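Notes to accompany the following structure.
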2 protein chains.
Amino acid sequence: MKYKKRTPVTKITIQDVALAAGVSPATVSKVLNAVPYVSAETESRVRAAMDRLNYRPSSIARSLKIKSTSTLGLITNDLEGVFTMSMMRGVEEVATQQGFSVFLCNSYGEAERERAHLLVLMDKHIDGVILLNGFRVGERPAPALPVGNIPVVYLFQYTHELAVPSIIPDDFGGAVMGTQHLLDCGHRRIGVINGPANYEATHERLKGYRQTLEAAGIPFDPALIRAGKWYESSGYALAHELMSQPNPPDALFCMSDSLAVGAMSALRERRLRVPDDISIVGFDNRAFAAHQTPPLTTVLLPLVEMGRLAGELLLQAIQTGQQTGEIHRVPCQFIQRASTRLTA
Amino acid sequence: MKYKKRTPVTKITIQDVALAAGVSPATVSKVLNAVPYVSAETESRVRAAMDRLNYRPSSIARSLKIKSTSTLGLITNDLEGVFTMSMMRGVEEVATQQGFSVFLCNSYGEAERERAHLLVLMDKHIDGVILLNGFRVGERPAPALPVGNIPVVYLFQYTHELAVPSIIPDDFGGAVMGTQHLLDCGHRRIGVINGPANYEATHERLKGYRQTLEAAGIPFDPALIRAGKWYESSGYALAHELMSQPNPPDALFCMSDSLAVGAMSALRERRLRVPDDISIVGFDNRAFAAHQTPPLTTVLLPLVEMGRLAGELLLQAIQTGQQTGEIHRVPCQFIQRASTRLTA
DNA sequence: ACATCATAGTAAATCGATTTACGGTCATTA
DNA sequence: TAATGACCGTAAATCGATTTACTATGATGT
């Protein structure tokens, strides 16, 4: 049990550096900010003084003057959500590139907390906020900003009501890709295992499936469609349901990888081989999709890319002071693996 | 596509409020900080002016003067780790209570990033840092602070080398609880399915098991011990291994809930009923433990409590300017559910 | 030789709060 | 009546940077 009395650390200021380098604080500030008109000789003297004194500029003082903290806020409904982290990584990537930090806040889905976080963030003078949420149809958009007005972008949720950019995946397009691939493989009876109806994504994806089918001249058969929760257990149960019909599907399009995993275990129980007897396509491209047997063909939800776009749009809004209320649909990406194959 | 030109928002300052209330800025500051010697009448006039103008004090300006940002940094190796979020919740809870915010950073396990985050946090003048990591034996502790010296606490990892408080679970004690419970149930051949040897926890837990056994006069039998990864698949495989021995165990102590779930499915395959034919105890108390059939008896890893303690110790260090290098072992908690029962 | 201009550097104001030291009131006490 | 002291309020310095406006110097062009 050692004790450590922290020394009062007389913070090195720009003044100290100036003194040590024999110049004025203004000059030190210039080299800090790469402002022209300081001679190479002076600059190196200042630089030397800086690291001799181990100087680190106070971003607080800087922020006070220039009115920017170089910090973005990111408030999420569910920090533990399976998609959250990937989007955050995208945001952080572009933020870091431009010298911004990201202040993460978890609202645990409570409007109260979200408001409180927003308030604190604004008091801290962050430059902009990303509101990150899973969206459900009928749910009202996140509350308008409580005070002031700083740039905001909606991520993984959207709104028409605010003049704020929204970023969502192109679920429709993703479903088109998955369906088209199964058609290309030669399948004609493609079953669908979908998620719950209170997610807008489920409707978009079903629409993509349906339109692709119809474009190929194949009639839509409601008997091939099932919906449940997003999880494995639903996939398992619904696959059994679909396959025990008189005229069962020859391919399954599962609207989440979890559903697909559940479905695969049902198929295994029915002694159906994937992809020899039946093809299966997932959605999301979760990490585990690649490690299934067989590795799952799936549609990638462009989470990192969405995060990047959110960061870019926000940074742009901060710099230009303008933002538009557009809805950006980021395209999905088809990932071919081994759970599908050309039929004879 | 609506356009929104953000108005330049002339920030309301303490001056404006002072003017509006007909007092000096100093007086406004006093009511803001609940400093005595301002008359009730004046105070209410100031308060009125504040919310008439919708005033929010600039925490930047405040921080510059008082040299405290009321912000804690929390750097984690793995934001997605299954235990991380619970600990964070604990930290945030006590921080919020005392008016502090928590700045979350993910180092993705890279020392480089950790250092970078640390630097940024210090530049932002946060008041203290929590370093949150899963620890493995032989791994060196997180790097010493790069610059300055602000209070630090280690969470879910420990060090003797720095005069910094560490907080870890009492794995030994947890294992004692689990083992004792199985003994109390009447079991005498208790199998162990452990995690990998490069986690210190596995050794502590095995020690707890062994000492409890020996205290009860039961000899330690190495044939009953298995170790693998922390995951379900290991639990499944190792349970089969243990149960196919000539003299199989009559109870299983799995050192993670995932291992226990895997083990239970192996037991199911062997037509052994839990808890009628064999008892099983998990470790961690993950969310899914309660939803198994039967619900899993387990040992709770006190993550939230650990987070709280980390927050308290850090806040304390910030306030007193002193910290000790103690290692705090937070007790586990035994959670009785239905996967164990008294044997005849 | 003189005006012009590019370059280097500085003094001082500023950002928005907090805090110290001090100046009035007014009631109480000697 | 004068001194004391408890209250209430303010002026001004301060935190650590940035930035504007200005000065000085030397080079260039005519």
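Protein chains get the first letters and strands the later ones, always in sequence-line order, with residue 1 at the start of each. Everything numeric here is computed off the predicted structure, so don't read it as measured data. The basis for the numbers below is simple: all heavy atoms, side chains too, and nothing from hydrogens, waters or symmetry mates.
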Closest of D/dT19, C/dG9, C/dA17 to the A/T42 side chain is C/dG9
Taking the minimum atom-to-atom distance to the side chain of B/K65, which one of D/dG16, C/dA8, C/dT19 wins?
C/dT19
Can you check whether B/S39 has a side-chain N or O nearer than 4.0 Å to OP1 or OP2 of D/dG9?
yes
Taking OP1 and OP2 of D/dT20, is either one under 4.0 Å from a side-chain nitrogen or oxygen of A/Y37?
no
Regarding [X], tell me which of base, sugar-phosphate or nothing describes its non-hydrogen contacts under 4.0 Å with the strands shown.
{"X": "A/V23", "result": "sugar-phosphate"}
{"X": "B/S29", "result": "base"}
{"X": "A/T27", "result": "base"}

Can you tabulate the close N/O pairs, meaning under 3.5 Å, that link protein atoms to atoms of nucleotides 20-27 of chain C?
none

Who are the side-chain hydrogen bond (donor to acceptor under 3.5 Å, both in side chains) partners of A/E112, not counting sequence neighbours?
none
Do B/K124 and A/T71 get their side chains close enough for a donor-acceptor pair, meaning under 3.5 Å?
yes
How about A/S68 and A/D127: does a side-chain donor come under 3.5 Å of a side-chain acceptor?
yes
Could you go through the side-chain contact (heavy atoms from CB on, under 4.5 Å) check for A/L74 and A/V91 one step at a time?
CA-CA 9 Å; A/L74 168 25; A/V91 172; 4.2 Å; yes
Could you check how far [atom1] of [X] sits from [atom2] of [N], rounded to whole Å?
{"X": "B/L64", "N": "D/dG16", "atom1": "CG", "atom2": "P", "answer": "7 Å"}
{"X": "A/R56", "N": "D/dG16", "atom1": "CZ", "atom2": "P", "answer": "16 Å"}
{"X": "B/K67", "N": "C/dT18", "atom1": "NZ", "atom2": "C1'", "answer": "12 Å"}

Return the 5'-most residue of the pair A/I14, B/R45 with respect to DNA chain D, ranking by each residue's nearest nucleotide.
B/R45
Can you name the nearest heavy-atom pair linking A/N106 to A/N77, along with the distance?
OD1-O, 3.6 Å
Charged N to carboxylate O under 4.0 angstrom, B/R308 versus B/E312?
no
Where does the angle between the aromatic ring planes of A/F83 and A/F156 fall among parallel (under 30°), tilted (30 to 60°) and perpendicular (over 60°)?
perpendicular
